[in-house]
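Before any comments, here is the structure.
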Amino acid sequence: MNIKTVDLTRIFHVGSHSVIAVNKVNLEIKEASFVSIVGPSGSGKTTLLNLLGLNDKPTFGRIFFNGKDVLEINDKERRKMRLFHIGFVFQNFNLLPTLTSLENVELPLMLAGKSSEEQRETALHLLELVGLLHRKDHLPNKLSMGEMQRIAIARALANNPKIVIADEPTGELDSNTGKEIIELLYRLCKERKVTVIVATHDEKITSVSDVVYKMRDGAISGYY
Amino acid sequence: MVLIGIGATITRCTSAVEELNVLFRGKILVVARGVFVIQAFPVGGAIPENTLQEIRHIQGVKSATPLVFFLNFEASENVLLPSNVTIGMPHDSWQVLTGNTPLKTGGWPKNETAEEMVVGLSLAEQYGLNVGSNARIKSYTMKVVGVLDSRISILSRAIIMPLKTAQKLYKFEGLVSMIVVEPKETITSDDLSKRIEEEIEGVKALTEEERTDIIQPLLSELEKWNFGITAALLFLTMCLVATITFMNISERRGEFAVLDAIGAPKTTALRMVAVETVIVGLLGSSIGLILGVIAAIMIVSKYTSIPMQLFMPSLTDLLPLSLIAETVGLTVAVSCLGGIITTLIANRKLTTEILRGEH
């Protein structure tokens, strides 16, 4: 899916003053490309990802998915977009602690109205893809950080999304595990033709990216 | 819920007094002037036994039966409430007290001076008494000749014996606690009551209506207090349930935010909370009621020396279905409402803010 933003701006009002978290960002991301967004903490990476992931609404500006203005659609449609077309991977995984690995992956499938057989089959396939089939019955607190991140990726892929957005997916992982996660995301991008957008400080990620956007003070300061 | 259980037991105690309505229906009770009468029995006071003859000579009196009535407290324990009562009455007039209530086993004492007694079912079970058993009362050895099968609280805890025997045991010779008068069909209770009070000095002749009038304000007052206490406790319970639900939901805002972020419909969290709170409300109120009743029985048992197990057969009286339904219904409703309101408030906060806060 092609993504384009036009003057994307997000302003937060904190007390009496305003903070411009994302400032007139213009991006063009091609389908099946691997894009990294880098920048220091507080530069607006996460806010930008939340806007692209339709978790948040911009104060100004436009977002187009395949030429369609996604800010024109209603809340219900935005939810559907998030459920069916966007997979979000959080830095701190955000797995539901009372569900097993398998159930966490099944959750988006259940929300999408898939039959229980289909949920089970797809979830098991995704767990196999991320190499954690043997951990399917474990609760998140019994998993390592890397395993939790891989489960989170499997969950993000559950409904076969066209875009995967990952917020510092290697931020809490050791370098070996981080490398595995990068390889996994890269493989997904190239083999499944998924557009992957990653906010990161990790040079290993930027080295495999098709495009790297640099952010500073909420604005895109350059790209390569 | 524990407190509601105690409230239920207080209600039960009040209804035990109301139960006495069924005794001496349509009859006049003659007691000493100034004595307080709880529906069917005087508390303390005495009238000379020869008053009986005077009453029997009054026109309109069909029958007159003397009774002695003593409240017994456990001597060895510091208890607030009587654990049983002794009733003495003529050996040929048992039906005046018990009506058609059958004896479970045995028969009635045979004569006026027999050192024999009939005991209520609850007492018999507590002390393992049966026909032929002996029991020491006021240093006399009394033989159990019958067990009375009555659901009325006071009769199930009664020791019934011949009048003369009771007077001897309790050093009450020549005195009676009250005289139960049955009017002839030709006269109304009111008229006969007035006539007795006019002709005999120092007594009060109470009709059924008058007895009810005496106790009713007290019962109403008790009921009001009980209602107030129950309402206050229920309110407190609701606040507690709502607070616990609020805390639970607040802690889970992260989970709801994740659901929102992965595109779950807005109603998903609400439905989850509704189901959970209904289950928690059902379990909480059920367990609470059970614990409440156990606590209440323990308290009443402590202050009456009546063993806890003897309350078990009357559990449905202690905890009527209507109270169960009210308590469970209200708890579930409050729990559910608290959860839904909290979830709605939680949903107002931006998902991105919550997820960021989870870091």
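Chain A is the first sequence line, chain B the second, and so forth, proteins listed ahead of strands; every chain is numbered from 1.
B:R157 and B:S122 are linked by a side-chain donor-acceptor pair at a separation below 3.5 angstrom, with hydrogens and angles left out of the test. Side-chain atoms of A:S18 and A:H13 form a donor-acceptor pair, as typed in the model, at a separation below 3.5 Å. For the residue pair A:D217 / A:N23, no side-chain donor-acceptor distance below 3.5 Å is found, with atom types taken as modelled. Residues A:T100 and A:D137 bring no donor and acceptor atom of their side chains to less than 3.5 Å of each other.
A 4.5 Å side-chain heavy-atom check between A:R10 and A:K57 finds every atom pair outside the cut-off. Two residues are said to be in side-chain contact when any heavy atoms from C-beta on lie closer than 4.5 Å; A:V196 and A:V35 fail this criterion.
The side chain to side chain contact (heavy atoms under 4.5 Å, CB included) with A:V130 is formed by just one residue from the set A:V105, A:I181, A:L184; it is A:L184.
For A:K24, the NZ atom counts as loosely surrounded, since its 6.0 Å shell holds 12 or fewer non-hydrogen atoms of other residues, nucleotides or ligands. Annotation: A:R216, atom CZ; neighbour count of heavy atoms from other residues, nucleotides and ligands within 6.0 Å does not exceed 12.
Contacts between residues 80-89 of chain A and chain B, defined by a heavy-atom separation under 4.5 Å, are made by A:R82, A:L83. Below 4.5 Å, heavy atoms of chain B meet heavy atoms from A:R155, all part of residues 140-158 of chain A.
For the residue pair A:V22 and A:L8, the shortest heavy atom distance occurs at CG1-O, 3.3 Å.
In this structure, chain B has no heavy atom under 4.5 Å from any part of A:N159. A:P97 touches chain B through its side chain: at least one heavy atom from C-beta onward sits under 4.5 Å away, while N, CA, C and O do not.
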